Amino acid sequence: MSEIQNRTLGGRHMAQPKAAGELNAVELETQLLKRWAEEKAFRASIDARRNGAPFIFLEGPPTANGKPGIHHVVARTFKDLVCRWKSMEGFLVERKGGWDTHGLPVEIEVQKRLDLMSNEAIEAFGMAEFNQACRESVWTYEAAWREMTERMAYWVDLDNPYVTLDNTYVESAWWALKQMFDKGLLYRGHKVLPFCPQTGTSYSSHEVALGYKEVEEPSVYVKFKLTDGDASILAWTTTPWTLPGNVGLAVGPDVTYVRCRVKEAAGEHWEGAGGAEVGEEVILAKDLMKEVLRHHVDIVEEFPGADLVGRSYEPLFPGAVPKGDSTTAWTVLAADWVTTTDGTGVVHTAVMYGEDDYNLGMEAGLPAHHTVDMDGAFVAGTHPELDGRYVKACDETIIALLAAPKGTNGKGPQSGLLYREKAYAHDYPHCWRTDHPLLYYAMDSWFVRMTAVKENLLKFNDQVEWAPDWVGEGRFGEWLRNVKDWAISRERYWGTPLPVWRSESGEMKCVGSINELQEEVAKAVAAGFQNPECPDDVDLHRPVVDGFTLVSSTGEAMHREPFVMDCWFDSGCAPFAQWHHPFENEDVFNASFPVDYICEGVDQTRGWFYTLLAVSTTVFDQPAYKRCLSLGLILDAEGKKMSKSRGNIVDPWDHFNREGADATRWYMVTAGAPWNPMKFDPNGVRETYAKMFLTLWNVYKFHADYAALDGFDPEASVVATDERPALDRWVLSRLATVANTYHEGFVNWQFHKACRDLEDFVVNDLSNWYVRRSRRRLWDEADSNDKRSCQHTLHEVLLTVCRLVAPVAPFMVDEIHRNLTGESVHTAAWPAGVPGTLDGATADAWDEVAARKTATLPPSDEDLEATMALVRELAEAGRRIRIEGNRRQRLPCAQGWVVAGPDLDEFHDLLAEELNVEAIHVENDLDRFQRIELAPNFRALAPKARAAVNDVAQAIRNAADPEALLQSIHDGGAEVLGVMVEPGDVEVKRVERVGFAAQTVQVSGTDDAALHVSLVLDMNDSPALLSKGMARDITRRVQAQRKSLDLDLEATIDLEIWMVNGPNMEEADEAWVASETRCAACVFHGDGSTPPDGAECFEVDGTTIHFTVS
RNA sequence: GCGCGGGUGGCUUAGUCGGUUAGAGCACCCGGCUGAUAACCGGGAGGUCGCAGGUUCAAGUCCUGCCUCGCGCACCA
């Protein structure tokens, strides 16, 4: 056991293995869950590493007001496996749970439930009551989350989680805001923001991104009549509801415009309303005439946009916007962002309803006046037919107003001004909660000046190790390069209140703690303002905080700005707010920031990944995390996104209850690279169970059953590794090789490759070869070095496999590990080493040489692995030969020859048994069974032969006498089709000669001719061989019968055999049958006697055999 | 529209520096093996490597364009 002994976590006494039972994975897992709970195994796994270097993980807090789905299991698997892995490496990995509890999603749920679909309704219901309902609603699915988390064995501390609604958490968030405020990074602004009239709130860019939908809307070309002449300027808009708010037209100063005159009436194919009369003049960008105009026109004049600037036109809806003291209202303005890719090259400008419009309006001094209310309806005085109506419902009305024949009685001045209408399909942002189209709307809001820290954001992002790297460099980097100020306030109720109080005259005060609030309240009270009590445990939510009036430096009353924070801000504060920094846990926070590892779905790029960095950059001037694994989306088996509305969400419990959490987790990790979208195939989970876990269990069972039977003691009579048979040394070497690449895979985030390799090792190398080849060794009832070697080997391999698998699939391997050692695998050491325990190690750096020394892997022997690979290929070649030669597997061959290749002496017995050959010979005269074939080496040949390379290659392949050609190539080169072919230009292959029952295999990874190894079998029969073959066939059938009779392994039987037309059985073979099948009595009847009815019967190569077992 | 990542037998996927027979697994068919497990082994069928060009002696691989799926960005009037 010396190699495997756990040096770093303290040596331990190995228990003797227990016999294994039949596998019931679900039962096994649920039993283990109980046991873990009793033992507090999660705690113990952390405590065992108490002295290790810390590795800091930060849990992205989910919202527990929805049911967890399989995609949450995926994310939690990757979080868990890294934490468990690092833990096994000796690091101290604390894992605090967290819950995101504020924000719009919660409010919307409650609004739906209580039927409070407007802000008025909420306020009528009572803000306190509403927020109380939110506070409760947050926990609706907490139990479901907890159950899922526990069942899948995601080890995270849910008993002491951080909760964003806790006063301590909110207080830390306030503190952070105050830092921003003090640095001048938090400001109040008036900006055009996407706004949802139903939820009554504006959104930040990352929320808007959630709701883009393709819609088809009416777009209109409108004629704006110049006041100094008859011409009209054509402008285009997709939002007719913004037309009453029009106060300007923007043109590109360098764009070429034309004034053109309508030559003749439009054709009959005119679609929709609008039009123009013959002789009417319109102005638009020259490039867009073809796109826009539906009339034949004459170009009257051509000029740059600059010439239009300053000209005034008639308002469409006179009176809708008061002119005030603006001198530029309803004139043409210059804007260099105007292009000719869309519309008419003239941009209709409604100051309050577009970002560019607003900026231009401010610059040019246009009147800033709302024609639309916060509830999305036109304000009174806009137009009699529009006032009070929801703007999106007015599109038709507005178009009708514009399209009415000119001068029609009772119609407004806008009649006759529609040139065209056109349905326009585009992506438009919608509310991600209510699906309503968002309106761009100029409003008061609070912002974090992210644009001021852009360079730092980029710098810190560069320091993050992203997996995959392109998410960081590409997607996230691009987002940061285009960073906008963060609109951080929400006109809502349930959230972290914005802790800024403001006086009538604009003085502001940002409060950064409860203490400060108490002081300010006291000050205000002293100044004569009425205030409620502000106790230490004052609820830091609305409406309580709204109730406090503070006092300004000039003695004015200050009221709280009536906003709550974007809930993404809350989660962005998690690194410090979870510890109530800076009010408590100073040491904990200092030791854990920035965090080492976070992992979430790629959809968090603009969500949590961003807000963490945004907050840490503005508050601490540091990055928030060092490593970030960004997971791909999870799709259903058809490649469709999983969503509630589609109804294709996979319930994780379907698999927890069928194949178990191990198989579910292993499947998810092996299904593909973590960052690739994963098609979740339920059948894949079944397959994983059948292949990986069933196989592993049966390997274990094979070992454990015999170990228990023999009283195997892993610490006694150890056979030194180098004294064990080659088969043992081979599997140990394979184990070491696989463990090392597995570890490398983990380091490089290639968990999928690592696990596929390990699975291949377990199924192929361990089970299908090592165990299969070793079965007989353990049947031996007597104690022997060979048997003990095998048992120690199996024991060691199983333990290491368990430890490697443990981070990914923690159940079955714990059961196995416990049964073999009495200890949980989750306190065991990582086989590739325990860097976390080294002096001076950190999560980022350690002494690699020292770390290697803590590995607990057996020696690796590449030659041995290559040799065994060859042996296995030869065994397969033997089976191919038999199929081609029509010779059944159980009929032995007298002899076989291995031609060429490395020394296989050590494996002759094994090979003879696999091949069912009496004797293996090594044939040194290669030419007896092999001939050579020449193949071109294109890489060398191509530069010489150029275009002729294919012909030369053909000639080399088809050489009539390859031996002679090779000879002359070696004798200074051979000319083939005019090309001098030299030794490097050809590859020599040795293949079997025709006429022999033979197959040639190539030792993998070489093209050395010496390593083309042929196997030749002697296909001749003899009476002795026929007898032996028959004995094997009989034995196999009898064994099958024993099995179907469900006989005990030890049970003895009476066997009678009747053979018709069979070979003469030799005595030794009869005895062999008897002993193999554990016969008390065994009778072979001659040709004359008749078998009884009901005897088992089978046929082999023309012989009919009957037998009875009793 | 811009950016990122995909598209390889029915399904899931591997494929290195471009090298001449594109490799596995599941499912299917035939055969074998088994005191060996929802296992294993051999063989078979199944591929225009998304499409079209280009570079090259040679393209799944490199280049260009397009189609398509996913994701992200986008005031796009």
Side-chain angles (χ1 to χ4, degrees), chain A residues 23 192 194 205 208-209 212 219 235-239 242 250 335 337-339 341-350 353-359 426-427 429 440 468 470-471 473-476 478-479 482 602-603 605-606 632-633 635 637 639-641 670-672 675-677 679 681 683-684 686-687 689-691 694-699 701-702 752-753 756 760 763-764 767-769 771-772 775 779 875-884 888-890 935-943 945-953 1035-1036 1038-1040 1042-1043 1047 1049 1076-1078:
Chain A
L23 178 63
V192 173
S205 44
V208 175
Y212 273 91
S219 70
W236 180 63
T237 182
T238 56
T239 49
T242 60
W337 42 262
V338 173
T339 64
T341 52
D342 271 310
T344 64
V346 180
V347 177
H348 138 68
T349 300
Y353 311 109
E355 192 181 334
D356 283 333
D357 308 45
Y358 184 82
N359 295 337
H426 64 149
D427 286 333
Y440 285 89
W470 48 260
V471 167
E473 286 157 20
R475 184 169 294 194
F476 197 54
E478 195 198 334
W479 166 265
N482 297 321
V602 69
D603 51 322
T605 310
R606 269 64 183 211
L633 226 75
L635 312 171
K640 296 261 164 51
K641 194 173 167 178
T670 50
W675 42 83
N676 281 343
K679 282 190 199 173
D681 180 7
N683 195 44
R686 194 204 62 82
E687 213 177 283
Y689 173 73
K691 280 190 100 77
L694 205 51
T695 305
L696 180 59
W697 183 258
N698 282 304
V699 170
K701 185 166 147 52
F702 172 71
H752 58 305
K753 287 190 181 169
R756 286 172 182 175
D760 186 63
V763 172
N764 244 319
S767 175
N768 289 343
W769 190 251
V771 169
R772 185 163 72 80
R775 229 159 246 286
W779 292 351
E876 285 169 20
R879 283 179 220 125
R880 279 197 296 272
I881 294 171
R882 282 174 180 274
I883 283 162
E884 275 173 26
R888 64 184 213 272
Q889 190 67 36
R890 292 188 205 88
N937 176 6
F938 282 90
R939 214 179 289 253
L941 208 50
R946 307 296 206 89
V949 70
N950 281 324
D951 295 332
V952 176
T1035 303
R1036 193 247 138 184
V1038 174
Q1039 303 287 39
R1042 281 185 64 116
K1043 196 178 184 181
L1047 293 183
L1049 271 176
E1076 281 292 303
T1077 58
R1078 290 185 157 263

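Remember, it's a predicted structure, so these values are computed and weren't measured experimentally. Lettering of chains follows the sequences in order, A, B, ..., and the numbering in each one begins at 1.
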Quiz item: How does RNA chain B look in dot-bracket form if you count Watson-Crick and G-U pairs under 3.5 Å, write [ ] for pairs that cross, and put | where a base pairs with another strand?
Solution: (((((((..((((.....[...)))).(((((.......))))).....(((((..]....))))))))))))....
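- The shortest non-hydrogen separation linking A:T242 to A:A350 is O-CB, 3.5 Å.
- Listed nucleotides B:A77, B:C41, B:C76 differ in distance to A:P429; the shortest reach to its side chain belongs to B:C76.
- For the P atom pair drawn from B:G3 and B:G44, the interatomic distance equals 46 Å after rounding to whole Å.
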Practice problem: Start with the C-alpha gap between A:V192 and A:D357, add the side-chain angles, then the distance that decides, and say whether side chain to side chain contact (heavy atoms under 4.5 Å, CB included) holds. | Solution: CA-CA 9 Å; A:V192 173; A:D357 308 45; over 6 Å; no
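- When all heavy atoms of A:R882 and A:R888 are compared, the pair lying nearest together is NH1-O, 2.6 Å.
- If you take atom P in B:C26 and the same atom in B:C41, they sit 8 Å apart, rounded to whole Å.
- Of the candidate nucleotides B:C57, B:G32, B:A77, B:C57 has the atom lying nearest to any side-chain atom of A:A942.
- When all heavy atoms of A:V763 and A:T695 are compared, the pair lying nearest together is CA-CG2, 4.0 Å.
- Picking from B:A14, B:C26, B:G32 the nucleotide with the shortest atom distance to the side chain of A:E687 gives B:C26.
- Rounded to an integer number of Å, the gap from A:K679 NZ to B:C26 P is 19 Å.
- If you check B:A77, B:A38, B:U37 against the side chain of A:H348, the one that comes closest is B:A77.
- Here, B:G10 and B:U48 have their P atoms 7 Å apart, quoted to the whole Å.
- For the P atom pair drawn from B:U68 and B:G23, the interatomic distance equals 32 Å after rounding to whole Å.
- The two residues A:W769 and A:A875 make their nearest non-hydrogen contact at CH2-CB, 4.4 Å.
- Here the separation of B:C57 from B:C49, taken at their P atoms, is 22 Å to the nearest Å.
- Proximity note for A:Q889 (side chain, C-beta onward) versus B:C41, B:U37, B:C33: the nearest is B:C33.
- A:R475 comes within 4.0 angstrom of a nucleotide base, judged by non-hydrogen atoms across all strands.
- Of the candidate nucleotides B:C75, B:U12, B:C41, B:C75 has the atom nearest to the side chain of A:Y440.
- B:G6 and B:A38 have their C1' atoms separated by 33 Å, with the value rounded to a whole Å.
- Counting any heavy atom pair closer than 4.0 Å across all strands shown, A:A953 reaches no nucleic acid atom.
- In this structure, A:D951 places its CG atom 12 Å from P of B:A58, rounding to the nearest Å.
- For the pair A:R880 and B:G43, the criterion of a side-chain N or O lying under 4.0 Å from OP1 or OP2 is met.
- What separates CG of A:D357 from P of B:C75 is a distance of 12 Å, to the nearest Å.
- Among the protein residues, A:R882 comes within range of no part of the nucleic acid, since none of its heavy atoms lies under 4.0 Å from any strand.
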Practice problem: Take A:F702 and A:R775, measure what side chain to side chain contact (heavy atoms under 4.5 Å, CB included) needs, and give me the verdict at the end. | Solution: CA-CA 8 Å; A:F702 172 71; A:R775 229 159 246 286; 3.5 Å; yes
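- Distance, A:I881 CD1 to B:C41 C1': 15 Å, rounded to whole Å.
- Looking at heavy-atom distances under 4.0 Å, A:Q1039 makes contact with a base.
- Between B:U34 and A:R890, a contact under 4.0 Å exists linking OP1 or OP2 to a side-chain N or O.
- When the side-chain nitrogen and oxygen atoms of A:T237 are compared with OP1 and OP2 of B:A77, none of them lie within a distance under 4.0 Å.
- Looking at which nucleotide of RNA chain B each of A:N683 and A:R888 is closest to, the 5′-most match is held by A:N683.
- Using a 4.0 Å heavy-atom distance criterion, A:T349 is classed as making no nucleic acid contact.
- Under a 3.5 Å cut-off, the side chain of A:Q1039 and the backbone N or O of A:E1076 do form a donor-acceptor pair.
- The interatomic distance linking A:D681 (CG) with B:G25 (P) rounds to 17 Å, in whole Å.
- Looking at A:T349, its side chain does come within 3.5 Å of a backbone N or O of A:V347 through a donor-acceptor pair.
- Between A:L694 and A:Y689, the closest side-chain pair of non-hydrogen atoms falls below 4.5 Å.
- With rounding to the nearest 0.5 Å, the separation of CH2 in A:W470 from CZ in A:R475 is 6.0 Å.
- Nearer the 5' end of RNA chain B, as judged by each residue's closest nucleotide, is the contact made by A:W470, out of A:E1076 and A:W470.
- Using atom C1' as the reference point in both B:C17 and B:C62, the two lie 12 Å apart (nearest Å).
- Only the C1' atoms considered, B:G65 is 32 Å distant from B:U21, to the nearest whole Å.
- In the interface, the side chain of A:R939 is paired with the base of B:C17 through a donor and an acceptor atom under 3.5 Å apart.
- Contact annotation for A:F702: no contact, since no heavy-atom pair falls under 4.0 Å across all strands.
- The CD atom of A:E478 sits 13 Å away from the P atom of B:G72 (whole-angstrom rounding).
- Using a 4.0 Å cut-off, some side-chain N or O of A:K753 falls inside it from OP1 or OP2 of B:G15.
- The shortest distance between the side-chain N/O atoms of A:K691 and the OP1/OP2 oxygens of B:C26 is below 4.0 Å.
- If you check B:G32, B:G5, B:A38 against the side chain of A:R686, the one that comes closest is B:A38.
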